[in-house]
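None of the values given here were measured: they were computed from a predicted structure.
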Amino acid sequence: MNLVSIITPAFNSEKFIAETIMSVLNQTYQDWEMIIVDDCSTDKTAEIILSFQEKDSRIIYLRNEINKGSAFSRNLALRKAKGKWIAFLDSDDVWLPNKLEKQIEYMTENNCHFSYTNYSEIDENSNETGVILTGPKIITRHKMLAYCWPGCLTIMYDAEFVGLIQTIDIRINEEYALWINVSKKTDCYLLDENLAKYRRHSNSLSHQSYLKLIKWHYLMFRKLDNNVVASLILTAGNLIFGVYKKIVYRRKVSKGERLKG
């Protein structure tokens, strides 16, 4: 077995962090380390994480002395990571128990170094909303620039092949910039199974205004060394493909189908 390093930035996550950690502890694949970087939380986030760490040394707790944002926290965790495989799980999302096992098996059998999976949406109370999201079977660098198809909670890459990757230090969209950097090294492949649950709530990126999303996308592309014209074109393309994803890759299932599944 090869070690998986799970990257988890956290900030004021007391409401959800225990469920997130439990979804890692319940994995069928047990060779992992979970690096949680607390971005100077002011609630009980640290207390909850440390209570888990006392029982399981695979949980690694780091804390920023001042709030520095998720980009800094992810970069710090990536520098500390020791695993062959790098996976990402935000502090309000959860994995299905066989997520790591199935994804590593898929990547090993297909000799791929960068992959993602389908995921479903849950609400603040962990209830399924009935929405399932997927994406293209293969995401090349050009496709990754066109839109952020993968869900952060589903990403895994081979650190031995890709090497140490750091993202640009921005407050929003830094994970998308990270995938763009990884896609310079290798294409991203879809494991077409629902293996994770994304929590949609008032603080989710998807709840931000379109004007803010446009601004953040533009700033990200500029910081990735694109000129003004290229950044505007890429931002416009992201808006178009965002609509395309909702039409083609977003599926709503009935309550009956969910219960059956």
Side-chain angles (χ1 to χ4, degrees), residues 1-41 43-65 68 70-108 113-117 119 122 126 150-167 175 178 182 191 193 195-199:
M1 296 179 76
N2 290 301
L3 181 68
V4 181
S5 294
I6 302 162
I7 310 301
T8 302
F11 175 69
N12 287 352
S13 304
E14 65 177 6
K15 188 175 180 181
F16 308 118
I17 189 69
E19 187 178 356
T20 299
I21 294 172
M22 284 303 303
S23 78
V24 174
L25 292 171
N26 290 332
Q27 289 297 300
T28 54
Y29 189 95
Q30 286 287 301
D31 191 7
W32 52 261
E33 61 176 6
M34 186 179 191
I35 307 172
I36 306 176
V37 182
D38 179 4
D39 196 20
C40 200
S41 295
D43 62 2
K44 294 183 179 179
T45 295
E47 181 181 327
I48 294 168
I49 297 168
L50 290 171
S51 70
F52 279 99
Q53 187 188 47
E54 287 176 3
K55 300 172 185 176
D56 197 320
S57 61
R58 294 175 298 177
I59 297 169
I60 300 166
Y61 175 73
L62 304 173
R63 180 178 171 87
N64 299 331
E65 293 185 3
K68 294 189 175 182
S70 55
F72 180 92
S73 299
R74 281 197 180 93
N75 283 340
L76 174 60
L78 286 166
R79 292 195 300 273
K80 298 288 185 181
K82 298 177 181 177
K84 169 182 170 60
W85 306 106
I86 303 291
F88 298 82
L89 182 61
D90 283 349
S91 58
D92 53 357
D93 297 331
V94 294
W95 285 341
L96 272 63
N98 56 356
K99 193 267 187 186
L100 290 179
E101 181 180 7
K102 285 203 166 190
Q103 197 163 11
I104 290 170
E105 182 180 88
Y106 170 81
M107 294 177 73
T108 302
H113 306 288
F114 186 20
S115 74
Y116 74 114
T117 78
Y119 64 96
I122 55 176
S126 300
C152 178
L153 70 165
T154 75
I155 285 283
M156 183 183 289
Y157 66 80
D158 181 348
E160 291 181 0
F161 181 87
V162 172
L164 175 63
I165 297 288
Q166 300 278 271
T167 189
E175 72 273 15
L178 187 61
V182 178
L191 168 54
E193 292 188 43
L195 297 175
K197 297 181 181 183
Y198 169 79
R199 194 181 304 275

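Taking all atoms of both residues into account, the shortest heavy-atom contact from G83 to A159 is O-CB, 3.7 Å. Across M107 and W85, no two heavy atoms sit closer than the pair CE-CZ3, 3.5 Å. Residue L178 comes nearest to T167 through the heavy atom pair N-OG1, 3.6 Å, listed as atom of the first residue, atom of the second, then distance. Closest of all the heavy-atom pairs between P97 and N26 is CB-O, 3.6 Å.
When the shell of 6.0 Å around NZ of K84 is examined, it contains more than 12 heavy atoms from other residues, nucleotides or ligands.
Here the side chain of D90 pairs no donor or acceptor atom with the backbone of D92 at under 3.5 angstrom. With hydrogens and angles disregarded, a donor-acceptor distance shorter than 3.5 Å links the side chain of T20 to the backbone of D93. For the pair E14 (side chain) and D43 (backbone), a donor-acceptor distance under 3.5 Å is absent. Proximity of a side-chain donor or acceptor of W95 to a complementary backbone N or O of L153 within less than 3.5 Å is detected. Under the 3.5 Å distance criterion, the side-chain polar atoms of T108 are left unmatched by any main-chain donor or acceptor of E105. Without hydrogens or angle criteria, T8 side chain to L89 main chain gives a donor-acceptor distance under 3.5 Å. Between the side chain of R58 and the main chain of E33, no donor-acceptor pair closer than 3.5 Å is present. Of the possible donor and acceptor atoms, none in the side chain of E101 sits under 3.5 Å from a partner among the backbone N and O of Y29. At distances below 3.5 Å, not a single donor-acceptor pair connects side-chain atoms of E175 with backbone N or O atoms of C152. Here the side chain of S13 pairs a donor or acceptor atom with the backbone of F11 at under 3.5 angstrom.
Between H113 and F161, the ring-plane angle classifies as parallel under the 30° and 60° cut-offs.
Looking only at atom types and distance, the side chain of D38 has a donor-acceptor partner in the side chain of S41 under 3.5 Å away.
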- Message: With side-chain hydrogen bond (donor to acceptor under 3.5 Å, both in side chains) as the criterion, how do Q103 and S115 come out once you've worked through the C-alpha distance, each side chain's angles and the decisive distance to 0.1 Å?
- Response: CA-CA 8 Å; Q103 197 163 11; S115 74; 2.9 Å; yes
- Evaluation steps, side-chain contact (heavy atoms from CB on, under 4.5 Å), between Y119 and L96: CA-CA 10 Å; Y119 64 96; L96 272 63; over 6 Å; no
- Task: Evaluate the side-chain hydrogen bond (donor to acceptor under 3.5 Å, both in side chains) criterion for residues R74 and Q166: first the C-alpha distance (whole Å), next the side-chain angles of each, then the deciding distance (0.1 Å), finally the verdict.
- Result: CA-CA 8 Å; R74 281 197 180 93; Q166 300 278 271; over 6 Å; no
